[in-house]
S.K.: 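Below is a structure I'd like to ask you about.
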Amino acid sequence: MALMAGLRVPARALLRSGCWLRGAALAGAEAAAGLGAGVRRFGSQRVLVEPDPAAGVAVVKLKSPPVNSLSLELLTELVISLEKLDNDKTFRGIVLTSDLCGVFSAGLDLTELCGRSPAHYAEYWRALQELWLRLYLSGLVSVAAVNGASPAGGCLLCLSCDYRVLADSPSCVIGPNETRLGIVAPFWFKDCMVNTVGHRAAEQALQLGTLFPPAEALRVGLVDQVVPEDQVQSTALAAMARWLAIPDHARQLTKSMMRKPTADRLAKHREADVQSFVSFVSRDSIQKALQTYLEKLKQKG
Ligand SMILES: CCCCCCCCCCCCC/C=C/C(=O)SCCNC(=O)CCNC(=O)[C@H](O)C(C)(C)COP(=O)(O)OP(=O)(O)OC[C@H]1O[C@@H](n2cnc3c(N)ncnc32)[C@H](O)[C@@H]1OP(=O)(O)O
């Protein structure tokens, strides 16, 4: 453990945050991508936004060590950043990526799902719904630059984007592993999977809780490109350029036509979905399963 500003922060988290070891390489990649000196970053504690106004693109980086698990705070900050970018006519696209090395997002923060009150579970689930609806229906082009592991809720974030580029590294697994924890993905996550990989592949992956290594993720259609780790962001920006070559109004109407029926299934029944989650996660058996899984993770660490 290292001590920083009175906080106990695991040394590996410090190493990940900002990717110290790869700082120089990343600075080079940023310069190559046009995000060098002079560009003003903004954002919040857990979400870093690197705008490139000339290109109309913002790179949105998750930076919530150690593993970008989707805490209530991270969900809230991400919604606020996305709303800001959505409402700013300067921007036509976002690249969603991680500021940590080796992890895109560990999915839902399990500490938010264990030993809390029903009111807390409800607040948490509403925040997750809000993020999903905003990202899934965003008028911006969204490209996920998946530079690390992306299980469960992390996978959902990626699936909500328009295009996915995954780093070619054995640690960069992606998929819906919920059943392995003894929990169930919500229907809107299932719908996203089906829309992306088709019914049969989604059914298998969801039931088996499959975490796909990069080549398999590409084969099944869960991601659109697999590239060497150091080319993830530049490839995402190149993909962005192709998407931005299309007039916004035509692309946005088409996106809405493709996605609105899926989003509406949740939008029309949000409160029932909250109640279903609260009663599911409050069950003793689910609490035990989540607690056991969390303890195993901690022991491993
Ligand atoms: C009847 C039907 C009704 C249905 C109604 C709907 C019901 C809905 C049910 C709810 C389900 C919703 C869907 C759930 C989605 C999810 O996202 S669940 C979370 C799934 N995530 C995972 O399984 C990932 C777990 N983590 C890992 O595998 C690894 O951490 C990693 C991401 C691959 C990174 O590995 P590594 O770099 O080796 O780091 P670690 O040492 O493992 O971890 C560092 C610390 O981080 C803690 N941590 C890891 N993941 C999480 C997490 N998700 N939440 C909270 N904390 C996490 C880990 O414990 C370590 O902590 P310390 O030891 O204290 O440092």
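One-based numbering, in listed order, for ligands and for the atoms of each.
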S.K.: Can you check whether L297 has an N/O within less than 3.5 Å of an N/O in ligand 1?
M.R.: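 No.
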S.K.: Can you classify the ring geometry of W125 versus F277 as parallel (below 30°), tilted (30 to 60°) or perpendicular (above 60°)?
M.R.: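 Judged by the thresholds at 30° and 60°, the geometry between W125 and F277 is parallel.
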S.K.: Do I80 and L133 land in one hydrophobic cluster if side-chain heavy atoms of ILVMFWY residues count as linked below 4.5 Å?
M.R.: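 No, because I80 and L133 fall into different hydrophobic clusters, even though each may have its own neighbours under 4.5 Å.
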S.K.: Indicate, as side chain, backbone, both or neither, the part of V67 found under 4.0 angstrom from ligand 1 when only non-hydrogen atoms are considered.
M.R.: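 It is the side chain that gets close, since no backbone atom is under 4.0 Å.
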S.K.: Please could you name the atoms of ligand 1 that K298 approaches to less than 4.0 Å, counting only its heavy atoms?
M.R.: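 Numbered from 1, ligand 1 contributes 59 (O), 61 (O), 62 (P), 63 (O), 64 (O).
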S.K.: Looking at ligand 1, is there an atom of it that comes within less than 4.0 Å of some heavy atom belonging to P151?
M.R.: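 Under 4.0 Å: yes for P151.
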S.K.: Check each heavy atom of V173 against ligand 1 and say whether those closer than 4.0 Å belong to the side chain, the backbone, both or neither.
M.R.: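 The answer is neither.
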S.K.: Can you find an N/O atom of I183 closer than 3.5 Å to an N/O atom of ligand 1?
M.R.: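 The answer is no, given that I183 and ligand 1 share no N or O pair closer than 3.5 Å.
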S.K.: Check whether any side-chain N or O of D168 sits under 3.5 Å from a backbone N or O of V226 as a donor-acceptor pair, and report yes or no.
M.R.: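 Pair absent, no side-chain N/O of D168 close to backbone of V226.
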S.K.: For the pair N68 (side chain) and F104 (backbone), establish whether a donor and an acceptor sit closer than 3.5 Å, ignoring hydrogens and angles.
M.R.: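 Between the backbone of F104 and the side chain of N68 there is a qualifying donor-acceptor contact (under 3.5 Å).
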S.K.: What part of F187, side chain from CB on, backbone N/CA/C/O, both or neither, has a heavy atom under 4.0 Å from ligand 1?
M.R.: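 Neither part.
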S.K.: State whether the shortest distance between N or O atoms of A149 and N or O atoms of ligand 1 falls below 3.5 angstrom.
M.R.: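 No - when backbone and side-chain N and O of A149 are compared with those of ligand 1, no distance drops under 3.5 Å.
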S.K.: Need the ligand 1 atom indices (1-based, order shown) with element for anything under 4.0 Å from a heavy-atom of E178.
M.R.: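 Numbered from 1, ligand 1 contributes 13 (C), 14 (C), 15 (C).
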S.K.: Should you measure from each heavy atom of S276, which atoms of ligand 1 turn up under 4.0 Å away?
M.R.: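 What qualifies from ligand 1 is 5 (C).
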S.K.: Are there over 12 heavy-atom neighbours, none belonging to D284, within less than 6.0 Å of that residue's CG?
M.R.: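 Open.
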S.K.: Looking at H120, I'd like to know if its NE2 atom is crowded, meaning that more than 12 non-hydrogen atoms belonging to other residues, nucleotides or ligands lie closer than 6.0 Å.
M.R.: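 More than 12 within 6.0 Å, yes.
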S.K.: For ligand 1, which part of K300 has a heavy atom less than 4.0 Å away: the side chain, the backbone, both, or neither?
M.R.: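 The side chain, only.
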S.K.: Take every heavy atom of F104, measure it against each atom of ligand 1, and state whether any distance is under 4.0 Å.
M.R.: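 No.
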S.K.: Using modelled atom types and a 3.5 Å cut-off, is there a donor and acceptor pairing between side-chain atoms of Q287 and backbone atoms of L113?
M.R.: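 Checked: pair present.
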S.K.: Check for a donor-acceptor pair, side chain of R164 on one end and backbone N or O of C158 on the other, with a separation under 3.5 Å.
M.R.: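 At least one qualifying donor-acceptor pair exists.
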S.K.: V281: heavy atom below 4.0 Å from ligand 1, yes or no?
M.R.: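 Judged by the 4.0 Å heavy-atom criterion, V281 does not count as contacting ligand 1.
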S.K.: Can you tell me if S276 uses its side chain to pair, donor with acceptor, with the backbone of A272 under 3.5 Å?
M.R.: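 No; zero donor-acceptor contacts below 3.5 Å.
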S.K.: Just jot down the ligand 1 atoms closer than 4.0 angstrom to any heavy atom of S69, in number order.
M.R.: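 Matching atoms, with element in brackets: 52 (C), 54 (N).
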S.K.: Any idea which of G107, A106, A152 brings a heavy atom closest to atom 21 (N) of ligand 1?
M.R.: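 Answer by nearest heavy atom: A106.
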S.K.: Is there a side-chain contact between V47 and L74 in this structure, where contact means two heavy atoms from C-beta onward sitting under 4.5 Å apart?
M.R.: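 In contact.
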S.K.: Which ligand 1 atoms does V184 reach within 4.0 Å, using its non-hydrogen atoms?
M.R.: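 Near V184, the atoms of ligand 1 are 7 (C), 8 (C), 9 (C), 10 (C), 11 (C), 12 (C).
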S.K.: When you measure from the heavy atoms of Y293 to every atom of ligand 1, does any distance fall below 4.0 Å?
M.R.: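 It does; at least one heavy atom falls under 4.0 Å.
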S.K.: Within the 4.5 Å heavy-atom criterion, are Q252 and T254 side-chain neighbours or not?
M.R.: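 No, their side chains stay 4.5 Å or more apart.
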S.K.: Take R270 and D273 through the test salt bridge (Lys or Arg N to Asp or Glu O under 4.0 Å) and record every step on the way to the result.
M.R.: CA-CA 5 Å; R270 275 182 80 163; D273 183 61; over 6 Å; no
S.K.: Against heavy atoms of G153, which atoms of ligand 1 measure under 4.0 Å?
M.R.: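 Those qualifying, in numeric order: 15 (C), 16 (C), 17 (O).
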S.K.: Go through ligand 1 atom by atom and flag the ones less than 4.0 Å from a non-hydrogen atom of P66.
M.R.: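 Contacts of ligand 1 toward P66, numbered from 1: 45 (C), 46 (O).
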